[in-house]
Amino acid sequence: MFAKKVLISGVLFLAAVSNLFAAKVTALKTTIAEEAFQMEVVVEVLKKMGHEVKISNDMDYEIAYQTLANNAKSDEVFFIASSWDPLHNGKIENIGKDKIAKFSEYISNCAQGYLIDKKTAEKYNIKYFNDLKDPKIAKLFDTNGNGKADLTGCNAGWGCEKVVEHQLDAYGLRDTVEHNQGQYSALIADTIATYKTGKPILYYTWTPYWVSGKLVPGKDTVFLQVTHSANPNTDSTKLSNGADYGFNVNSQKIVANTGVKKYKDIAKLFDIIKLSVNDVSGQNMLMASGQNKEKDIKRHAKLWIQKNQTKIDGWIKEAKAAK
(Lines give C-alpha, C1' and ligand atoms only; values in the text may rest on other atoms or scores of the structure.)
Protein backbone atom coordinates (compact mmCIF):
# COMPACT_ATOMS: atom_id res chain seq x y z
CA MET A 1 0.00 0.00 0.00
CA PHE A 2 2.82 2.39 0.92
CA ALA A 3 4.71 1.65 -2.30
CA LYS A 4 1.57 2.26 -4.27
CA LYS A 5 1.05 5.58 -2.57
CA VAL A 6 4.64 6.51 -3.22
CA LEU A 7 4.23 5.58 -6.87
CA ILE A 8 1.09 7.69 -7.15
CA SER A 9 2.78 10.54 -5.33
CA GLY A 10 5.74 10.22 -7.65
CA VAL A 11 3.50 10.50 -10.70
CA LEU A 12 1.74 13.48 -9.23
CA PHE A 13 5.03 15.06 -8.29
CA LEU A 14 6.36 14.70 -11.82
CA ALA A 15 3.16 16.16 -13.21
CA ALA A 16 3.46 19.09 -10.86
CA VAL A 17 7.05 19.67 -11.87
CA SER A 18 6.14 19.65 -15.55
CA ASN A 19 3.68 22.50 -14.94
CA LEU A 20 5.74 24.30 -12.30
CA PHE A 21 6.50 27.26 -14.53
CA ALA A 22 3.18 27.41 -16.39
CA ALA A 23 1.36 30.63 -15.61
CA LYS A 24 -2.23 31.72 -15.60
CA VAL A 25 -2.31 34.71 -17.92
CA THR A 26 -5.03 37.25 -18.66
CA ALA A 27 -4.79 39.44 -21.75
CA LEU A 28 -6.55 42.75 -21.12
CA LYS A 29 -8.51 43.68 -24.23
CA THR A 30 -8.90 47.38 -25.04
CA THR A 31 -12.06 48.92 -26.43
CA ILE A 32 -10.32 49.61 -29.76
CA ALA A 33 -11.20 46.62 -31.93
CA GLU A 34 -8.22 47.28 -34.21
CA GLU A 35 -5.86 46.57 -31.30
CA ALA A 36 -7.15 43.02 -30.85
CA PHE A 37 -4.91 41.54 -33.55
CA GLN A 38 -1.63 42.33 -31.79
CA MET A 39 -3.09 40.99 -28.55
CA GLU A 40 -4.18 37.74 -30.21
CA VAL A 41 -0.69 37.19 -31.63
CA VAL A 42 0.82 37.37 -28.13
CA VAL A 43 -1.93 35.12 -26.76
CA GLU A 44 -1.28 32.44 -29.36
CA VAL A 45 2.48 32.47 -28.74
CA LEU A 46 1.97 32.21 -24.98
CA LYS A 47 -0.27 29.20 -25.52
CA LYS A 48 2.42 27.57 -27.66
CA MET A 49 4.77 28.06 -24.70
CA GLY A 50 2.41 26.07 -22.50
CA HIS A 51 0.74 28.86 -20.56
CA GLU A 52 -2.95 29.07 -19.73
CA VAL A 53 -4.34 32.24 -21.31
CA LYS A 54 -7.72 33.91 -21.19
CA ILE A 55 -8.91 37.23 -22.61
CA SER A 56 -10.82 39.85 -20.64
CA ASN A 57 -13.91 41.70 -21.75
CA ASP A 58 -13.32 45.06 -23.45
CA MET A 59 -12.07 47.69 -21.03
CA ASP A 60 -10.97 51.32 -21.18
CA TYR A 61 -7.26 52.04 -20.86
CA GLU A 62 -7.65 53.54 -17.38
CA ILE A 63 -9.34 50.39 -16.08
CA ALA A 64 -6.79 48.17 -17.83
CA TYR A 65 -3.82 50.00 -16.31
CA GLN A 66 -5.46 50.01 -12.90
CA THR A 67 -6.01 46.25 -13.22
CA LEU A 68 -2.29 45.79 -13.77
CA ALA A 69 -1.53 47.88 -10.70
CA ASN A 70 -4.10 46.08 -8.54
CA ASN A 71 -2.47 42.77 -9.44
CA ALA A 72 1.12 43.97 -9.12
CA LYS A 73 2.07 41.20 -6.69
CA SER A 74 -0.23 38.51 -8.08
CA ASP A 75 1.06 35.06 -9.02
CA GLU A 76 -0.97 35.45 -12.21
CA VAL A 77 0.11 37.53 -15.18
CA PHE A 78 -1.99 40.36 -16.61
CA PHE A 79 -0.87 42.26 -19.69
CA ILE A 80 -1.83 44.87 -22.28
CA ALA A 81 -0.36 44.36 -25.75
CA SER A 82 -0.95 47.92 -27.00
CA SER A 83 0.45 50.42 -24.52
CA TRP A 84 1.35 53.58 -26.45
CA ASP A 85 4.74 55.03 -25.57
CA PRO A 86 5.07 57.93 -24.85
CA LEU A 87 1.35 58.74 -25.29
CA HIS A 88 0.29 56.62 -22.29
CA ASN A 89 3.26 57.35 -20.05
CA GLY A 90 1.25 59.80 -17.98
CA LYS A 91 -1.36 57.15 -17.24
CA ILE A 92 1.32 54.75 -16.01
CA GLU A 93 3.05 57.39 -13.91
CA ASN A 94 -0.23 58.39 -12.27
CA ILE A 95 -0.86 54.79 -11.22
CA GLY A 96 2.72 54.04 -10.21
CA LYS A 97 5.58 52.82 -12.41
CA ASP A 98 6.67 50.41 -9.68
CA LYS A 99 3.46 48.43 -10.17
CA ILE A 100 3.73 48.02 -13.93
CA ALA A 101 6.44 46.34 -15.99
CA LYS A 102 7.08 47.86 -19.42
CA PHE A 103 8.95 46.04 -22.17
CA SER A 104 10.73 46.92 -25.42
CA GLU A 105 9.03 48.02 -28.64
CA TYR A 106 6.49 45.50 -29.87
CA ILE A 107 5.27 47.67 -32.78
CA SER A 108 7.47 50.59 -33.84
CA ASN A 109 6.92 53.72 -35.94
CA CYS A 110 3.32 54.43 -34.99
CA ALA A 111 2.71 57.90 -36.42
CA GLN A 112 -0.22 60.13 -35.55
CA GLY A 113 -1.44 63.65 -36.09
CA TYR A 114 -3.88 66.01 -37.79
CA LEU A 115 -4.73 65.71 -41.48
CA ILE A 116 -6.78 67.60 -44.05
CA ASP A 117 -7.71 66.77 -47.62
CA LYS A 118 -4.92 67.50 -50.08
CA LYS A 119 -7.10 69.56 -52.43
CA THR A 120 -7.95 72.12 -49.74
CA ALA A 121 -4.38 72.15 -48.40
CA GLU A 122 -2.98 73.07 -51.81
CA LYS A 123 -5.71 75.54 -52.77
CA TYR A 124 -5.36 77.59 -49.56
CA ASN A 125 -1.68 76.83 -48.80
CA ILE A 126 -2.55 75.28 -45.42
CA LYS A 127 0.51 73.67 -43.82
CA TYR A 128 0.09 74.08 -40.07
CA PHE A 129 -2.53 73.11 -37.51
CA ASN A 130 -2.00 76.64 -36.18
CA ASP A 131 -3.33 78.03 -39.51
CA LEU A 132 -6.80 77.16 -38.24
CA LYS A 133 -6.57 80.16 -35.90
CA ASP A 134 -7.61 82.20 -38.93
CA PRO A 135 -11.45 82.19 -38.90
CA LYS A 136 -11.53 82.17 -42.72
CA ILE A 137 -9.39 79.02 -42.87
CA ALA A 138 -11.28 77.37 -40.03
CA LYS A 139 -14.63 78.01 -41.70
CA LEU A 140 -13.57 75.87 -44.67
CA PHE A 141 -13.90 72.83 -42.41
CA ASP A 142 -17.20 73.83 -40.81
CA THR A 143 -19.74 71.04 -41.28
CA ASN A 144 -22.49 72.18 -38.91
CA GLY A 145 -22.72 75.89 -39.69
CA ASN A 146 -21.36 77.35 -36.45
CA GLY A 147 -18.35 78.93 -38.14
CA LYS A 148 -15.78 76.66 -36.45
CA ALA A 149 -13.65 73.96 -38.04
CA ASP A 150 -14.98 70.51 -37.17
CA LEU A 151 -12.12 68.27 -36.05
CA THR A 152 -12.86 64.56 -36.00
CA GLY A 153 -11.06 63.81 -32.75
CA CYS A 154 -10.46 61.35 -29.96
CA ASN A 155 -12.71 59.35 -27.70
CA ALA A 156 -12.90 60.54 -24.11
CA GLY A 157 -10.24 58.78 -22.07
CA TRP A 158 -7.87 58.11 -24.95
CA GLY A 159 -4.33 59.39 -24.59
CA CYS A 160 -4.71 61.55 -27.71
CA GLU A 161 -7.68 63.37 -26.15
CA LYS A 162 -5.37 64.93 -23.59
CA VAL A 163 -2.98 66.07 -26.32
CA VAL A 164 -5.69 67.54 -28.56
CA GLU A 165 -7.29 69.43 -25.69
CA HIS A 166 -3.91 70.74 -24.57
CA GLN A 167 -3.03 71.92 -28.07
CA LEU A 168 -6.33 73.69 -28.67
CA ASP A 169 -5.36 75.91 -25.74
CA ALA A 170 -1.64 76.12 -26.53
CA TYR A 171 -2.23 77.23 -30.13
CA GLY A 172 -5.18 79.52 -29.31
CA LEU A 173 -7.69 77.51 -31.34
CA ARG A 174 -10.63 77.35 -28.94
CA ASP A 175 -12.55 80.05 -30.80
CA THR A 176 -12.07 78.52 -34.25
CA VAL A 177 -11.86 74.72 -33.83
CA GLU A 178 -14.43 72.34 -32.38
CA HIS A 179 -13.15 68.98 -31.11
CA ASN A 180 -15.84 66.49 -32.10
CA GLN A 181 -15.80 63.45 -29.82
CA GLY A 182 -17.85 60.28 -29.61
CA GLN A 183 -17.22 56.87 -31.08
CA TYR A 184 -14.23 57.43 -33.33
CA SER A 185 -15.14 54.68 -35.80
CA ALA A 186 -18.53 56.31 -36.45
CA LEU A 187 -17.10 59.83 -36.64
CA ILE A 188 -14.34 58.89 -39.07
CA ALA A 189 -16.85 57.02 -41.26
CA ASP A 190 -18.81 60.28 -41.55
CA THR A 191 -15.56 62.12 -42.33
CA ILE A 192 -14.74 59.71 -45.15
CA ALA A 193 -18.27 60.11 -46.51
CA THR A 194 -17.81 63.90 -46.45
CA TYR A 195 -14.52 63.54 -48.35
CA LYS A 196 -16.25 61.48 -51.04
CA THR A 197 -18.65 64.38 -51.67
CA GLY A 198 -15.65 66.63 -52.40
CA LYS A 199 -15.92 68.75 -49.25
CA PRO A 200 -12.94 69.66 -47.01
CA ILE A 201 -12.15 67.42 -44.04
CA LEU A 202 -10.09 67.78 -40.85
CA TYR A 203 -9.35 64.79 -38.64
CA TYR A 204 -6.96 63.15 -36.22
CA THR A 205 -5.75 59.62 -36.84
CA TRP A 206 -2.90 57.26 -36.13
CA THR A 207 -1.03 54.29 -37.55
CA PRO A 208 -1.40 51.38 -37.56
CA TYR A 209 -5.05 51.87 -38.44
CA TRP A 210 -7.19 51.32 -41.50
CA VAL A 211 -8.06 54.98 -42.07
CA SER A 212 -4.75 55.71 -43.83
CA GLY A 213 -5.60 52.93 -46.28
CA LYS A 214 -8.85 54.73 -47.18
CA LEU A 215 -7.50 58.29 -46.99
CA VAL A 216 -3.92 57.86 -48.15
CA PRO A 217 -1.53 60.55 -46.81
CA GLY A 218 0.28 62.25 -49.70
CA LYS A 219 -2.39 61.15 -52.18
CA ASP A 220 -5.77 62.02 -50.67
CA THR A 221 -4.72 63.92 -47.56
CA VAL A 222 -1.75 65.66 -45.96
CA PHE A 223 -0.44 65.80 -42.40
CA LEU A 224 -0.49 69.23 -40.81
CA GLN A 225 2.59 70.33 -38.89
CA VAL A 226 2.68 72.67 -35.90
CA THR A 227 4.78 75.84 -35.60
CA HIS A 228 6.25 74.72 -32.29
CA SER A 229 6.00 71.74 -29.94
CA ALA A 230 3.23 71.84 -27.35
CA ASN A 231 2.60 68.33 -26.06
CA PRO A 232 1.76 67.49 -22.41
CA ASN A 233 3.71 64.22 -22.62
CA THR A 234 7.06 65.52 -23.87
CA ASP A 235 9.07 68.72 -24.28
CA SER A 236 9.64 68.27 -27.99
CA THR A 237 7.83 66.50 -30.80
CA LYS A 238 10.23 67.70 -33.48
CA LEU A 239 11.64 64.97 -35.72
CA SER A 240 15.28 64.63 -36.73
CA ASN A 241 14.48 66.14 -40.13
CA GLY A 242 13.05 69.27 -38.49
CA ALA A 243 9.39 68.46 -39.14
CA ASP A 244 6.97 68.72 -36.21
CA TYR A 245 3.53 67.11 -36.33
CA GLY A 246 2.64 67.86 -32.71
CA PHE A 247 2.82 64.22 -31.67
CA ASN A 248 5.73 61.91 -31.01
CA VAL A 249 6.17 58.89 -33.22
CA ASN A 250 5.01 56.24 -30.77
CA SER A 251 5.75 52.60 -30.15
CA GLN A 252 3.25 50.08 -28.92
CA LYS A 253 4.74 48.13 -26.04
CA ILE A 254 3.57 45.24 -23.92
CA VAL A 255 3.03 46.18 -20.29
CA ALA A 256 2.20 43.79 -17.47
CA ASN A 257 1.81 43.59 -13.72
CA THR A 258 5.20 43.34 -12.00
CA GLY A 259 4.32 39.78 -11.01
CA VAL A 260 5.32 38.78 -14.54
CA LYS A 261 8.95 38.83 -13.37
CA LYS A 262 8.33 35.50 -11.62
CA TYR A 263 8.05 33.95 -15.08
CA LYS A 264 11.33 34.58 -16.85
CA ASP A 265 10.13 33.08 -20.13
CA ILE A 266 7.06 35.33 -20.36
CA ALA A 267 9.02 38.44 -19.44
CA LYS A 268 11.61 37.58 -22.09
CA LEU A 269 8.96 36.98 -24.74
CA PHE A 270 7.33 40.33 -23.98
CA ASP A 271 10.74 41.95 -24.50
CA ILE A 272 11.66 40.32 -27.82
CA ILE A 273 8.43 39.73 -29.75
CA LYS A 274 7.98 42.11 -32.70
CA LEU A 275 5.17 42.94 -35.09
CA SER A 276 5.42 45.17 -38.16
CA VAL A 277 3.25 48.29 -38.22
CA ASN A 278 2.47 47.46 -41.87
CA ASP A 279 1.22 43.99 -40.92
CA VAL A 280 -1.13 45.52 -38.38
CA SER A 281 -2.38 48.12 -40.86
CA GLY A 282 -2.99 45.36 -43.39
CA GLN A 283 -4.99 43.37 -40.87
CA ASN A 284 -6.95 46.50 -39.93
CA MET A 285 -7.86 46.93 -43.61
CA LEU A 286 -9.28 43.40 -43.59
CA MET A 287 -11.43 44.43 -40.64
CA ALA A 288 -12.57 47.56 -42.50
CA SER A 289 -13.61 45.37 -45.43
CA GLY A 290 -15.90 43.29 -43.21
CA GLN A 291 -13.63 40.69 -41.59
CA ASN A 292 -14.15 42.22 -38.17
CA LYS A 293 -15.67 39.46 -36.06
CA GLU A 294 -13.73 37.99 -33.15
CA LYS A 295 -13.31 34.72 -35.07
CA ASP A 296 -11.90 36.68 -38.03
CA ILE A 297 -9.30 38.44 -35.88
CA LYS A 298 -8.26 35.15 -34.27
CA ARG A 299 -7.90 33.65 -37.74
CA HIS A 300 -5.78 36.58 -38.88
CA ALA A 301 -3.47 36.11 -35.88
CA LYS A 302 -3.08 32.38 -36.50
CA LEU A 303 -2.35 32.97 -40.19
CA TRP A 304 0.29 35.56 -39.27
CA ILE A 305 1.91 33.06 -36.92
CA GLN A 306 1.90 30.37 -39.61
CA LYS A 307 3.61 32.74 -42.06
CA ASN A 308 6.18 33.72 -39.43
CA GLN A 309 6.69 30.31 -37.82
CA THR A 310 10.48 30.47 -37.99
CA LYS A 311 10.50 33.76 -36.09
CA ILE A 312 8.01 32.42 -33.56
CA ASP A 313 10.08 29.30 -32.94
CA GLY A 314 13.15 31.45 -32.39
CA TRP A 315 11.36 33.71 -29.91
CA ILE A 316 10.00 30.74 -27.98
CA LYS A 317 13.42 29.11 -27.83
CA GLU A 318 15.04 32.31 -26.58
CA ALA A 319 12.26 32.93 -24.08
CA LYS A 320 12.47 29.45 -22.60
CA ALA A 321 16.23 29.83 -22.19
CA ALA A 322 15.83 33.02 -20.14
CA LYS A 323 17.31 32.98 -16.64
Side-chain angles (χ1 to χ4, degrees), residues 84 86-87 90 110-207 209 211-212 214-239 242-250:
W84 289 73
L87 192 65
C110 302
Q112 56 188 308
Y114 307 106
L115 296 96
I116 62 174
D117 60 287
K118 188 177 181 182
K119 181 178 70 173
T120 303
E122 293 178 345
K123 183 176 181 180
Y124 295 94
N125 194 32
I126 304 170
K127 297 180 180 179
Y128 297 95
F129 187 49
N130 313 62
D131 291 341
L132 294 165
K133 191 172 182 178
D134 182 342
K136 293 179 182 178
I137 296 297
K139 195 172 182 180
L140 297 170
F141 304 96
D142 177 17
T143 61
N144 59 12
N146 68 354
K148 292 185 176 184
D150 284 287
L151 168 66
T152 297
C154 300
N155 287 25
W158 285 6
C160 53
E161 178 198 30
K162 181 181 178 182
V163 177
V164 173
E165 289 296 311
H166 179 86
Q167 291 179 342
L168 290 178
D169 290 326
Y171 301 132
L173 298 173
R174 285 290 177 189
D175 293 335
T176 55
V177 177
E178 188 165 7
H179 183 195
N180 293 332
Q181 296 178 268
Q183 286 300 317
Y184 182 84
S185 57
L187 292 174
I188 199 65
D190 288 342
T191 301
I192 293 171
T194 298
Y195 173 78
K196 289 180 177 179
T197 68
K199 295 179 181 178
I201 55 171
L202 167 67
Y203 63 99
Y204 162 88
T205 200
W206 67 94
T207 58
Y209 197 59
V211 170
S212 293
K214 297 284 187 179
L215 298 172
V216 181
K219 175 176 175 285
D220 305 312
T221 60
V222 295
F223 273 96
L224 295 178
Q225 293 194 49
V226 294
T227 55
H228 60 280
S229 298
N231 189 300
N233 298 313
T234 183
D235 292 333
S236 177
T237 50
K238 185 174 288 188
L239 302 178
D244 194 339
Y245 297 96
F247 292 80
N248 298 97
V249 175
N250 276 244

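The figures that follow rest on heavy atoms only: side chains count, while hydrogens, waters and symmetry mates do not.
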Is a side-chain donor or acceptor of [X] paired with a backbone partner of [Y] at a separation under 3.5 angstrom?
| X | Y | value |
| --- | --- | --- |
| Lys199 | Thr143 | no |
| Asn180 | Leu187 | no |
| Lys118 | Gly218 | yes |
| Gln181 | Cys154 | yes |

[X] and [Y]: side-chain donor and acceptor closer than 3.5 Å?
| X | Y | answer |
| --- | --- | --- |
| Thr152 | Thr191 | yes |
| Asp117 | Thr120 | yes |
| Thr237 | Asp244 | yes |

| message | As a quick check of understanding, evaluate side chain to side chain contact (heavy atoms under 4.5 Å, CB included) for Tyr124 and Asp134, giving each step before the final call. | response | CA-CA 12 Å; Tyr124 295 94; Asp134 182 342; over 6 Å; no

| query | Only one of Leu202, Asp131, Leu115 clears side chain to side chain contact (heavy atoms under 4.5 Å, CB included) with Leu224; which? | reply | Leu202

| query | Applying the side chain to side chain contact (heavy atoms under 4.5 Å, CB included) test to Leu168, which of Leu132, Val163, Val177, Asp175 qualifies? | reply | Val177

| Do Tyr128 and Tyr171 make the cut of ring centroids closer than 6.0 angstrom? | no

| said: Under 6.0 Å between ring centres: does that hold for Trp206 and Tyr184? | reply: yes

[X] [atom1] to [Y] [atom2] distance, which is reported to the nearest 0.5 Å:
| X | Y | atom1 | atom2 | answer |
| --- | --- | --- | --- | --- |
| Asn231 | Lys162 | CG | NZ | 9.0 Å |
| Lys196 | Lys214 | NZ | NZ | 6.0 Å |
| Phe129 | Ile116 | CZ | CD1 | 11.0 Å |
| Tyr209 | Gln112 | OH | CD | 13.5 Å |
| Leu215 | Thr221 | CG | OG1 | 6.0 Å |
| Ile192 | Thr197 | CD1 | OG1 | 12.5 Å |

Using side-chain heavy atoms (C-beta onward) and a distance below 4.5 Å, is [X] in contact with [Y]?
| X | Y | value |
| --- | --- | --- |
| Leu87 | Asn233 | yes |
| Pro217 | Val222 | no |
| Thr205 | Ile188 | no |

[X] and [Y]: which non-hydrogen atoms are nearest, and at how many Å?
| X | Y | result |
| --- | --- | --- |
| Asn130 | Gln225 | OD1-O, 4.2 Å |
| Trp84 | Cys110 | CZ3-CB, 3.5 Å |
| Tyr204 | Gly153 | CB-CA, 4.5 Å |
| Gly242 | Lys238 | O-CG, 3.7 Å |
| Ser212 | Thr207 | OG-CG2, 4.0 Å |

| task | Would you please name every residue forming a salt bridge (charged side-chain N to carboxylate O under 4.0 Å, His left out) with Asp235, sequence neighbours left out? | result | none

| With sequence neighbours excluded, what pairs up with Glu165 under the salt bridge (charged side-chain N to carboxylate O under 4.0 Å, His left out) test? | Arg174

